[in-house]
Amino acid sequence: MNLVFLGPPGAGKGTQAQRLATAHGIAHVSTGDMLRSAVAEGTEVGRQAKGYLDRGELVPDQVIADLVAERIQADDCSTGFLLDGFPRTLAQAELLDGALSGLDLAIDAAVLIEVNEDELLQRLTSRGEGRSDDQPDVIRHRLEVYADQTAPLAGLYDQRGLLRRVDGLGSIDDVAARVAGSVNGRSV
Ligand code: AMP
């Protein structure tokens, strides 16, 4: 099973993605985590990406699409994968389609975790993990980038009949149950 996870910054996407991937025995592929590791390790991609991450902007589509295309061919993705934080633009979705068709793979469902903006701001400004992009002006920018560039992807996956909308309000367990139901209920 191959899944895409969509949702604004602060929606709890990473936590839910990790849980669902573990429950289904598929790889959790977080592009944010991959980029943060690349920055920490000082790789070439990390050097290219650092400024974008610090400003809350998206790294160039081709850079991230190449990373993901390579990542989904790793052994741990042979049972399936969950893409967390990718695609983030319509161009990335097209690059993903191309990579998947070349590998004879497809996306089975796209889960969208929905949380209203007031709640997102509150959660992001109180997030205790000390991410360097959790400064108030960077947070605002990341929310704008999401609204402009990533939110339209919901329409794309909806047209394909793949979109599963999940209410992201409530406890982590409550949301996890909704997420699981949204995927399991449709025999993917
Ligand atoms: P995240 O942990 O998913 O919030 O991602 C943190 C940061 O990594 C984003 O603000 C972007 O700078 C970068 N990033 C993660 N995924 C992507 C992507 N698919 N396309 C472009 N930039 C990304």
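Start at 1 and go down the list; that is how both ligands and their atoms are numbered.
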Engineer: With no hydrogens and no angle check, is any side-chain donor or acceptor of R19 less than 3.5 Å from a backbone partner on V179?
Structural biologist: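 A pair under 3.5 Å: no.
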Engineer: Which atoms of ligand 1 sit under 4.0 Å from any heavy atom of G85?
Structural biologist: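 Answer, ordered by atom number: 16 (N), 17 (C), 18 (C), 19 (N).
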Engineer: Show me which atoms of ligand 1 lie under 4.0 Å from any heavy atom of F86.
Structural biologist: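 Those qualifying, in numeric order: 19 (N).
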Engineer: I'd like to know if the side chain of S182 and the backbone of V166 have a donor-acceptor N/O pair within less than 3.5 Å.
Structural biologist: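 Answer holds: no.
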Engineer: With respect to R36, determine whether any N or O atom, backbone or side chain, lies less than 3.5 Å from an N or O atom of ligand 1.
Structural biologist: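 N/O-N/O distance under 3.5 Å: yes.
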Engineer: So is there a nitrogen or oxygen of L58 less than 3.5 Å from a nitrogen or oxygen in ligand 1?
Structural biologist: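 No, no N or O pair falls under 3.5 Å.
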Engineer: Going from CD1 on I64 to CG on L35, what distance comes out if it is rounded to the nearest 0.5 angstrom?
Structural biologist: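 One gets 4.0 Å once the value is rounded to the nearest 0.5 Å.
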Engineer: Between N2 (side chain only) and F81 (backbone N and O only), is there a donor and an acceptor less than 3.5 Å apart?
Structural biologist: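 Yes, because the side chain of N2 sits within donor-acceptor range (under 3.5 Å) of the backbone of F81.
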Engineer: Using a plain distance cutoff, I'd like to know if G56 has any nitrogen or oxygen under 3.5 Å from a nitrogen or oxygen of ligand 1.
Structural biologist: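 It does not: no N or O of G56 is found under 3.5 Å from an N or O of ligand 1.
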Engineer: Flag D33 as yes when one of its N or O atoms lies below 3.5 Å from any N or O atom of ligand 1, and as no otherwise.
Structural biologist: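 Looking only at distances, the answer is no, because the N/O contact criterion of under 3.5 Å is not met.
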Engineer: Any N or O of R88 that comes nearer than 3.5 Å to an N or O of ligand 1?
Structural biologist: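 There is such a contact, yes.
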Engineer: With no hydrogens and no angle check, do the side chains of Q62 and D66 hold a donor and an acceptor under 3.5 Å apart?
Structural biologist: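 Q62 vs D66: donor-acceptor pair found between side chains.
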